[in-house]
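Working notes for the structure below.
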Amino acid sequence: MRVLLVIPSVLKRGVDADVAADRHPTMDYYALADAIRARGARVDLIDYTSAPSHGLPRDLALAWEAFRRKGDYDVIFTNGENVSLPLALMFKATTHRPRHITIGHRLSPPKKKPFFTVLKAFKQIDTIFVYATTQRDYALSVLGIPPSKIALIPFNADAKFYRPLPATVVNENLVSAAGLEWRDYDVLIEAARRLPDMTFKLAAASPWSKHQDKTAKRDLPPNVTARRYEYGELRDLYASSAIVVVPLLENDFQAGVTTILEGMAMGKPVVVTKTSGQTDVIIDGENGVYVPVADADAVTNALVRLRTDPALRQRLGQGARSWLEANASLDLWAATIADVIVGK
């Protein structure tokens, strides 16, 4: 079997040594490629640098490159609807195509609806993996995608890289947060103003998000700092923190899930805004704490309760790590998708 992985990004090449030296997590596309190869299939990967532009936007150029290579592969996997939708429409122009499997990160924006309801792009996609119950339900009830084509799975964190580091001294007054996508840092900063004896370190950066850093060029309280952290620095930050917070604006998909799972993998109690889309990871009181949307009082109260109850922090952190290992490790994610690509 021949498989093509189409990655709408620039592949991080030459990181093998850093991964082996425990300085960098394994990238999910490399983990997936390894899982597919372990099942006896041949795998190639292409990214933005692999596709001549032809004067096209880079997502469309990448879709065209995948379409151009369709005869060489039995399966094409596209990591995102920004490439899978144009590729699906291209497949409508041919009588023979490889199996097409994709990740549907967020199917619900209005601009994507016509691709499914009018152009019926889903007919040229065999499996769509989604990460949120809300996205699955929308796909079925609004977009009319057949249930056989939708697979709800957890997202992932590299549980080998993000793991408890017992040798690290934990600062019981340190709170960390990370990421940009749909973050409500206004609420977290307001909580920080009310808790001047606690320290808040925000890794307000993301290689994936197009959202603006709302912490930039603003007057932060003296107990709050915000900057970019590299992977090793971010892991050290998580390790030394007593609590990880993921404050979110209302949204209908799994925004924030990367940071949530990284914090859980580190064995930390994670405080998460319960949005419409963020419902599939945290079990309140068992592996984390939910707070309502836009509620600085609830965030403040949750932080005070966790800071003053070490036993609760430990129980939630252990529950978080156990849940991650059982449901959302990178190895499990890769194996689940590889099974569908190759066939069990």
Side-chain angles (χ1 to χ4, degrees), residues 1-16 19 26-105 107 112 115-116 119-131 139 145-146 148-151 153 156 207-208 330-344:
M1 178 177 286
R2 300 161 300 171
V3 179
L4 178 66
L5 303 186
V6 183
I7 310 301
S9 179
V10 175
L11 298 175
K12 296 193 74 170
R13 297 174 172 87
V15 296
D16 292 354
V19 171
T26 299
M27 302 306 295
D28 58 3
Y29 40 80
Y30 289 139
L32 178 56
D34 287 344
I36 295 169
R37 292 187 184 108
R39 287 156 175 77
R42 193 193 87 192
V43 183
D44 294 318
L45 294 87
I46 61 173
D47 65 351
Y48 289 141
T49 68
S50 310
S53 70
H54 303 294
L56 300 172
R58 61 182 186 175
D59 288 331
L60 192 56
L62 185 57
W64 174 253
E65 182 65 16
F67 179 78
R68 190 184 66 81
R69 301 188 188 197
K70 66 183 183 302
D72 298 331
Y73 297 95
D74 302 293
V75 183
I76 293 181
F77 169 85
T78 49
N79 192 355
E81 54 270 38
N82 51 333
V83 173
S84 66
L85 291 178
L87 179 59
L89 296 184
M90 293 174 193
F91 280 149
K92 294 180 73 172
T94 184
T95 55
H96 299 285
R97 66 168 177 85
R99 288 171 57 225
H100 182 194
I101 296 169
T102 192
I103 300 289
H105 294 277
L107 303 177
K112 297 178 184 177
F115 286 92
F116 294 102
L119 299 175
K120 305 295 183 182
F122 62 82
K123 291 186 177 182
Q124 306 300 325
I125 303 174
D126 298 283
T127 302
I128 304 174
F129 289 101
V130 295
Y131 296 131
I145 301 175
S148 61
K149 290 180 178 282
I150 296 293
I153 63 170
N156 69 83
W208 318 114
L330 176 59
D331 288 345
L332 182 58
W333 174 88
T336 300
I337 297 177
D339 283 344
V340 173
I341 289 176
V342 178
K344 293 184 179 181

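Sequence positions, counted from 1, serve as the residue numbers for this chain.
Summarising the geometry of Pro52 relative to Ala61, their closest heavy-atom pair is O-CB, 3.6 Å, with the distance given to 0.1 Å. Here the shortest heavy-atom pairing between Arg37 and Val43 reads NH2-O, 3.5 Å. For the residue pair Gly104 and Val130, the shortest heavy atom distance occurs at O-CG1, 3.6 Å. Ala121 approaches Ala88 most closely through the heavy-atom pair O-CB, 3.5 Å. Across every non-hydrogen atom of Val340 and Arg99, the tightest pair is O-NH2, 2.7 Å. Residue Leu45 comes nearest to Ala33 through the heavy atom pair CD1-CB, 4.1 Å, listed as atom of the first residue, atom of the second, then distance.
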(message) With side-chain contact (heavy atoms from CB on, under 4.5 Å) as the criterion, how do Met1 and Val75 come out once you've worked through the C-alpha distance, each side chain's angles and the decisive distance to 0.1 Å?
(response) CA-CA 8 Å; Met1 178 177 286; Val75 183; 4.1 Å; yes
(request) Decide side-chain contact (heavy atoms from CB on, under 4.5 Å) for His105 and Asn79; before the verdict, give the C-alpha distance in whole Å, the side-chain angles of both, and the deciding distance to 0.1 Å. (result) CA-CA 9 Å; His105 294 277; Asn79 192 355; 3.0 Å; yes
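Contacts of Lys120 classified as side-chain contact (heavy atoms from CB on, under 4.5 Å), with partners at least two apart in sequence or in another chain: Phe122, Lys123. Under the rule for a side-chain hydrogen bond (donor to acceptor under 3.5 Å, both in side chains), the partners of Asn82 that lie at least two apart in sequence or sit in another chain are Asp59. Listed by chain and number, the residues in a salt bridge (Lys or Arg N to Asp or Glu O under 4.0 Å) with Arg97 are Asp126 (sequence neighbours excluded). With sequence neighbours left out, Ile153 forms a side-chain contact (heavy atoms from CB on, under 4.5 Å) with Phe129, Tyr131, Trp333, Thr336, Ile337. With sequence neighbours excluded, no residue forms a salt bridge (Lys or Arg N to Asp or Glu O under 4.0 Å) with Asp28. Every residue two or more places apart in sequence or in another chain that forms a side-chain contact (heavy atoms from CB on, under 4.5 Å) with Arg42 is listed here: Arg2, Asp44, Tyr73. Contacts of Tyr30 classified as side-chain hydrogen bond (donor to acceptor under 3.5 Å, both in side chains), with partners at least two apart in sequence or in another chain: none. Listed by chain and residue number, Leu32, Ala35, Ile36, Arg39 satisfy the side-chain contact (heavy atoms from CB on, under 4.5 Å) test with Ala338 (two or more places apart in sequence, or in another chain). Partners of Lys112 by side-chain hydrogen bond (donor to acceptor under 3.5 Å, both in side chains), not counting sequence neighbours, listed by chain and number: Glu81. Partners of Lys12 according to the side-chain hydrogen bond (donor to acceptor under 3.5 Å, both in side chains) rule, which considers only residues two or more places apart in sequence or in another chain, are His24.
The closest side-chain heavy-atom distance from Trp64 to Pro86 is not below 4.5 Å. Here the side chains of Ile76 and Phe67 are not in contact, with every heavy-atom distance at 4.5 Å or above. Taking the side chain as every heavy atom from C-beta outward, Asp72 and Leu4 never approach each other to under 4.5 Å.
In this structure, CZ on Phe115 lies 12.5 Å from CG on Leu107, to the nearest 0.5 angstrom. In this structure, Ile128 CD1 and Phe116 CZ are separated by 5.0 Å, a value rounded to the nearest 0.5 Å. Here the straight-line distance linking atom CG of Leu62 with atom OG of Ser53 works out to 12.5 Å at 0.5 Å rounding. Separation of atoms CG (Leu119) and CD (Gln124) is listed at 11.5 Å; rounding is to 0.5 Å. Considering NE2 of His100 and CG of Leu87, their distance stands at 4.5 Å, rounded to 0.5 Å. Rounding to the nearest 0.5 angstrom, the gap separating the CD1 atom in Ile341 from the CD1 atom in Ile101 is 5.0 Å.
A donor-acceptor pair under 3.5 Å links the side-chain atoms of Thr102 to the main chain of Thr78, judged by distance alone. Judged by distance alone, the side chain of Ser50 and the main-chain N or O of Asp47 form a donor-acceptor pair under 3.5 Å.
Test Val19, Asp16, Asp331, Val15 against Thr26 for side chain to side chain contact (heavy atoms under 4.5 Å, CB included) and you get one pass: Val19.
Taking a 6.0 Å sphere around NE2 of His54, one finds it holds more than 12 heavy atoms contributed by other residues, nucleotides or ligands.
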